[in-house]
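These notes concern the structure reproduced below.
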Amino acid sequence: MLAFVLTLVLLLLVVIVLAYAERKVAAFMQDRLGPTEAGPYGSLQPALDVLKLLQKEDIVPAAADKALFKLAPILIFAAVFAGFAVIPFTPATVPAGIGIGVFYLLAIISLDVIGLLMAGWGSNNKYAMLGAMRSVAQIVSYEIPAGLAILSVVMICQSLDFQEISYQQGALMNQFPGMEYDMNWLFGIRELGINTTTIGGITTWNIFRAPILLVAFVIYFIASLAESNRAPFDIPEAESELVAGFHVEYSGFRFAVLFLAEYSMMVLVSLVAVVLFLGSWNTPLPNIGPVSLAYWTSGTVGEVSGILWGAFWLISKTFVLLFVQLQLRWTYPRLRVDQLMHLCWKVLTPVALGVVLIAGIWRLLMI
Amino acid sequence: MLFYIFAILAILSGAFMVLTRNLLYAGFSLLVTLLSLAGIYVLLFADFIAVTQLMVYVGGVLVLILFGIMLSSRVHDKSVLSENVNTVWGPLVSGLLLVGLGYTILKAEIASLPWLLTADTDVLGPQKSTVQSIGIKLMTDVVVPFEVASLLLLIALIGAAYIATDKPKV
Amino acid sequence: MENKTIKHTSGFWYVVKSLMSGLRLTWQHFWRATNRRTPEYVSDENYFKQADGLVTLKYPYEALPVPDNGRYRLHNEIDDCIVCDLCAKICPVNCITIESVKATEEIGVTSDGTKKRLYAPVFDIDMAKCCYCGLCTTVCPTDCLTMTPVYDFAEVDIKNMIYHFTDLTPEQAEEKKQLLAKQQEEMAAAKAAALAARKQQG
Amino acid sequence: MEQIPLEHILLLGAVLFSLGILAVITKRHAVVVLMGIELIFNAANLNLVAFSRYDPSLLQGQMFSLFVILVAAAEAAVALAIVLRVYQHFKTANVNQIVTPEK
């Protein structure tokens, strides 16, 4: 219960910061100022936006399917929020450390799809319906390259547990129960004979200890943009053609929940990318001889220092990825539907299959 | 106890699925049934099966079904409503089935079967998960069914794509 | 113009390069966001040298200066107005309403020496209707109707967009009207008396 | 953890199975019939998983149910493709109205 509340509060904070960052980053990239009035540099703007949404009238269209319309935002948010349960935030804290976390995460995200269909149908609006259909088609399609990219990580790490994968990517590896004698080699190739187990830092991140995962990371990142309906894959809510996609009819509190779910999805996919590819809560600084930067910037597992350092690294890496998402939104034009499907099925999926194959071979080099 | 909550939820939503005339409601109540069954699988120490249930049924089959409903009914008239037929002997047959099955199950006194009493029920073992043993079994004992299943999936994929494609009229 | 054929290049590295160049562009703009445009007059030598950085001005606090001879809101200097009604006649959108009352004697002299013989109990300009053509200022014989550089005069109530320029209170206007009526009565009486006197003579 | 009595699980499976049969018999829309079949699959799966608890080293029930889920997915995909095709041809997905007119 405590984990639930903590995660929810943390998520709300991150989403509010993200909503502010989105407006500011968008403004700066377009040579504008962004919000300036509410609070210093407009920093209270997202909080006020939320307050405004909560005060607004909750409109349920007369022709809508009332039950489905009301249930959908809750289902969408619940599906996304359930995904956070398996994310390890620090070396010692993970809300629900289940052994098949990665698989669970992939499954729970697909629940989101049902909520989208529910919202689209319940609104009884052609734009909402079209938006929901597009959104679902897109998410279901892009789950495949994303799943294959994650699969290659799982093959390298030999685990479906997020926390175990996290420990493998740092100097604290041997402190995880069951991995006391495991070792990391430079680029994962044992033949090179360079042991990086105690060097840690960036040299043990997944994209570094098995460089093929860099390709997997790019594939996952592109697919995750599509899964969270972000530009340039935002055809489900293409303003110029569909008004707002599946959430056209929503207002007030329900819209706030949908908005929260959308931003939570962005945070979630970035968190997963960080945990699986970019070293999770591990520090990027390696130990160099007597200068043990990695240990100095990791704290002690289970103590306050370890929690703070872990959370700091995880959240800062996540925000770097989120910034890239925002930048992509203001850089690239929206893809057409056929281009979207072409990219998914004819480019990303075959490449991801190749990556899975190479990752399997790479794993053989690692032992 | 958690199991009974899930069981009641599954039965109620299953019953609602059968009783409701709205196809969409039937689909969404099937969702609740599938989710509560996934919960029961977790309670039965089958975490991998539970997540697979979520992944395949909820993320795949149910989405397909909902798409099927939406594509095979006109949105703006009442065709998401469907009539019931065989309202007399349908419930009769299934009721008789239920009574027969229930009678058999209760009469069989399964709990006192000798091989069940001696069976070891520590499924999870030290790894706290069935993933490892399922993975090993997929690559050893059941590798032939596994490969055949992948072939079946491929055939189903091609077949479904072929059937659903609009063929140019000759 | 030179007829250049567009070269369609493709290939993996070309795609990567073009994607990267897009990112570089937005990044550059983001990076230069510390610079801001300064609210400078167009004749300032810095005006055209601010290609980079944020272009937004926080309007109520900062604004680009307008020229001294800017022609926006109308203003009537009622002391100089001889209530000739020319502006109301030429106005293409009829936004000027003038009523006049003859004065009983000369009221005064405008700043350019014209004699004023009319009171203006009503001199209204509806700025909500005004199309800023400036015709009224050209025809004004005493140059009392001018356009000022004030451009920010938005109002919540559209009735406040009607500007009243008269210097008479309603009571004063009534008084002047009665004076005029009295004078005209007297004049009519005098006229009638004169007519009667002439008849007697003739 | 407390053991769930096996009978209760089997009874739940029986109830879901009869509900599935009921849906298949009484419903006229092809997709709902398909949903009833899915319910029957799930009832069977539940039994398999329940018995698999007593087979910790082999997990045969879980393996079997894994394949059942897999086959159900394949079956649903093909069945829905057929339903769509039928709908395009007959302009209805009602199983009772799908009759080829005799010439």
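We name chains A, B, ... by the order of the sequence lines, and we start the count at 1 in each one.
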* Indicate the atoms forming the closest heavy-atom contact of B:S94 with B:P91, along with that distance. => OG-O, 3.2 Å

* To do: State whether the side chain of B:K137 and the backbone N or O of D:M63 hold a donor-acceptor pair below 3.5 Å, judged by distance alone.
  => no

* For residues B:L152 and D:A74, report the shortest heavy-atom separation together with the two atoms involved. => CD2-CB, 4.4 Å

* To do: Go through the atoms of D:L16 and report whether side chain, backbone, both or neither lie under 4.5 Å from a heavy atom of chain B.
  => side chain

* So, D:N42 and B:Q53: side-chain donor and acceptor under 3.5 Å apart, yes or no? -> yes

* Quick one: which of D:V71, D:N45, D:V83 has the most heavy-atom pairs under 4.5 Å with chain B, could you say? => D:N45

* Can you see which heavy atom on B:V42 is nearest to which on B:A50, and at what distance? => CG2-CB, 3.5 Å

* Heavy-atom distances under 4.5 Å only: say whether D:I82 touches chain B with side chain, backbone, both or neither. => both

* What part of D:L80 lies closer than 4.5 angstrom to a heavy atom of chain B: side chain, backbone, both or neither? -> side chain

* Structure fact -> Note: D:A43 and D:G13 closest approach over all heavy atoms is CB-O, 3.3 Å

* Closest-packed option against chain B by number of heavy-atom pairs under 4.5 Å, given D:V31, D:T26, D:I21 -> D:T26

* Highest number of heavy-atom pairs under 4.5 Å with chain B: which of D:L10, D:L11, D:I25? -> D:I25

* To do: May I ask you to name which of D:L84, D:L22, D:V78 has the most heavy-atom pairs under 4.5 Å with chain B?
  => D:L22

